[in-house]
Structure formats: structure tokens, C-alpha cells
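Notes to accompany the following structure.
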Amino acid sequence: MSYGKKLSDGLCGPALALQARQLLGAICVLGGADCPLIEKEQAKEFLARIKADPTAAIRLESDADTIPHYTTLSDKDYAALNKKAVFNRKRDLDILQRLGLAPGDTRRSRYLIELLFKAIETPDGICAYDTPGWEGCPQVRSGAYEGVREKGWKAVVYDRPEEEKADYRRRSVERIEKDGRLFIRPHHLMCLSCWLGGSGGEGLRGNDTLAEIYQRVKKDPDVQITFVEGCCEACGCCDGFHPETSRCVHACGLIRDYKKDLDVFQKLGLMPGATLTAREAFKLL
């Protein structure tokens, strides 16, 4: 980036690191279980952090790739095998496999918790089995994890206050109605077109001010639009917008929407900062 004002997105420098199994364990602790996979204080500190900080990125780890080659092991080594560690490696890899991730992968907390609840309905079959020698956690069927999962991601991670979102919407609408130039990420014009052409019509949208932008453009097709990369003035009222960092902190903020912007810039033959009238912008799109 050549803007000279580059911000840290947090994903390349994760704030938190857990063994993959501990992510599941922390949810069980939140549900009231005395989970053997993670110390209670560690779980509480982790949960407090992601409840307060929507930008917190989590790296999931495992020691599965540190296993020594068999040629370096003896019968004595096998006799002293730590069976709990073997079980834990399987837990880590089971969880990572279900999440579609690998050891070392980093995701923001909201993305990770939403993915966890979608991919894993119960710790039964991960943390415990009916196989002799693999019985595992005695609390696996307590319902602790399932109870939290049923409440959803908002029970675990930061959820932006309704009052704050409403205030940002009000200020965004004021700017859209009065400013001589609109600052919009290019893929949002595609979102707006799909909304108008689909089931949305001209109604308001809950997580952005694209409908208000459409009303301004409809009234004033020669209003200037400057295309920007990243969050734009339609984003401020979104539940995923984090005012302190100006970042999108839910799933689409990881890569999907950033790539959409660049894809649209490429398709239009433009670069960030390009300014066109609304009429010209939609015609080009």
C-alpha cells in the first residue's frame, strides 16, 4: 500500500493463541463445565478478551507436527507414552478439520465462534468416545457446550450496541443527504444493484445506508462518487464495523469484501480514489 497511512488489520499479529481443543473447552467453561482441556482462569481471560474486543485475532495451534520419527524412538519411549497427549492431538485435529483450518491458522474471534457453532454441534465424539481407553472427558454429555451454542455467537463475543449503531446511522444519513461527494467501496454498488433488483426493493437495509445512498443518487445522478478501498460511509452503522479501528470485524472483513473491492476496481479499470458522477459510475458498472 502506498497511501502512507497503513493500519494494522491484526490478522498477521494474532492477539491470542490457543490449542484448538481449548477453543472448545473455553465454551464448555462458559457453559458451566469444569473442563480439563483449559485452566478455568485461562478460559475466563480468553472469554473476557473476545467479549470486549471485536478485533482480537486468535491463532489455533497443535503439536501434531512435532511428533518424532519412529527411528528416533525406542520401546522405552513407547512404554512412557503420554496417552493424554495423543488424545489431545486427535482433539486438535478433529476440531481443525471440522473448521476447515490447519494448525497456525488465524481468524478473528467472531468469525471463529460463528464457524465453531456451525461446524460442531456437540463435543461428544471429539472430547470423549465409547472406545475403551479413549473415554475422555466425563462432562462431555453435560450440555454445557450445547447450551452456549444454542444462544449463538453473541453470548460469547463482542456485539456492537444498538444505540451506537443508530447514532452512526443518523450521522451517515446526514452526510449522504448533504455532502457534495459520496465515498463508497465499489462492490457496494453491486450490493445496491442486487438489492434493488431482488427482493429488497427500495426499502431500508439493516446493516448499511445503501438505501439512503440510492435515494440521493436517484435525486441527484450527477453527485460525485469517490471509490475507496475498505470500509466506506455506508458501513458505519453495521454490526461488524469497529469505530476505534475503522475495520470490518465480522466474517466478510477477513478477505471476502476486501477482494470484492479489488475485483471491481480491476473490472472497471479504476484505482482507489477514482471519482465519477453517480450516472457515470453505474453506467460503467
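Quick caveat, the model's predicted, so the values are computed rather than measured.
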Which pair of non-hydrogen atoms, one from [X] and one from [Y], has the smallest distance, and what is that distance?
X: Lys51; Y: Val156; value: CD-O, 3.5 Å
X: Tyr145; Y: Ile120; value: OH-O, 2.7 Å
X: Arg108; Y: Pro54; value: CD-O, 3.8 Å
X: Phe241; Y: Gly236; value: CD2-O, 3.6 Å

Donor-acceptor pair, distance only, cut-off 3.5 Å: does the side chain of [X] make one with the backbone of [Y]?
X: Glu135; Y: Gly133; answer: yes
X: Asp261; Y: Gly230; answer: yes
X: Gln139; Y: Asp34; answer: yes
X: Asp92; Y: Arg89; answer: no
X: Thr275; Y: Gly273; answer: yes
X: Arg59; Y: Leu18; answer: no
X: Arg216; Y: Asp179; answer: yes

If I take atom [atom1] from residue [X] and atom [atom2] from residue [Y], how far apart are they, to the nearest 0.5 angstrom?
X: Tyr111; Y: Thr106; atom1: OH; atom2: OG1; value: 12.0 Å
X: Leu60; Y: Ile95; atom1: CG; atom2: CD1; value: 8.5 Å
X: Arg21; Y: Cys28; atom1: CZ; atom2: SG; value: 13.5 Å
X: His188; Y: Cys194; atom1: NE2; atom2: SG; value: 11.5 Å
X: Lys90; Y: Cys127; atom1: NZ; atom2: SG; value: 11.0 Å
X: Ile113; Y: Arg107; atom1: CD1; atom2: CZ; value: 13.5 Å

Run the salt-bridge test on [X] and [Y] with the 4.0 Å N-O cut-off and return the result as yes or no.
X: Asp167; Y: Arg171; result: yes
X: Glu114; Y: Arg110; result: yes
X: Arg149; Y: Glu146; result: no
X: Asp257; Y: Lys260; result: yes
X: Arg170; Y: Glu174; result: yes
X: Arg160; Y: Asp239; result: no

Practice item. Could you verify whether a donor N or O on one side chain and an acceptor N or O on the other, from Ser172 and Glu233, lie under 3.5 Å apart? Key: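 Short answer, no.
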Just wondering, more than 12 heavy atoms not from [X] lying within 6.0 Å of its [atom1]?
X: Asp65; atom1: CG; result: yes
X: Glu164; atom1: CD; result: yes
X: Leu81; atom1: CG; result: yes
X: Glu39; atom1: CD; result: no

Practice item. Indicate if Ile58 and Val157 have the same hydrophobic cluster label, given that clusters are the connected sets of ILVMFWY residues with side-chain heavy-atom separations under 4.5 angstrom. Key: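 Yes, because Ile58 and Val157 connect within a single hydrophobic cluster, where side-chain heavy atoms sit under 4.5 Å apart.
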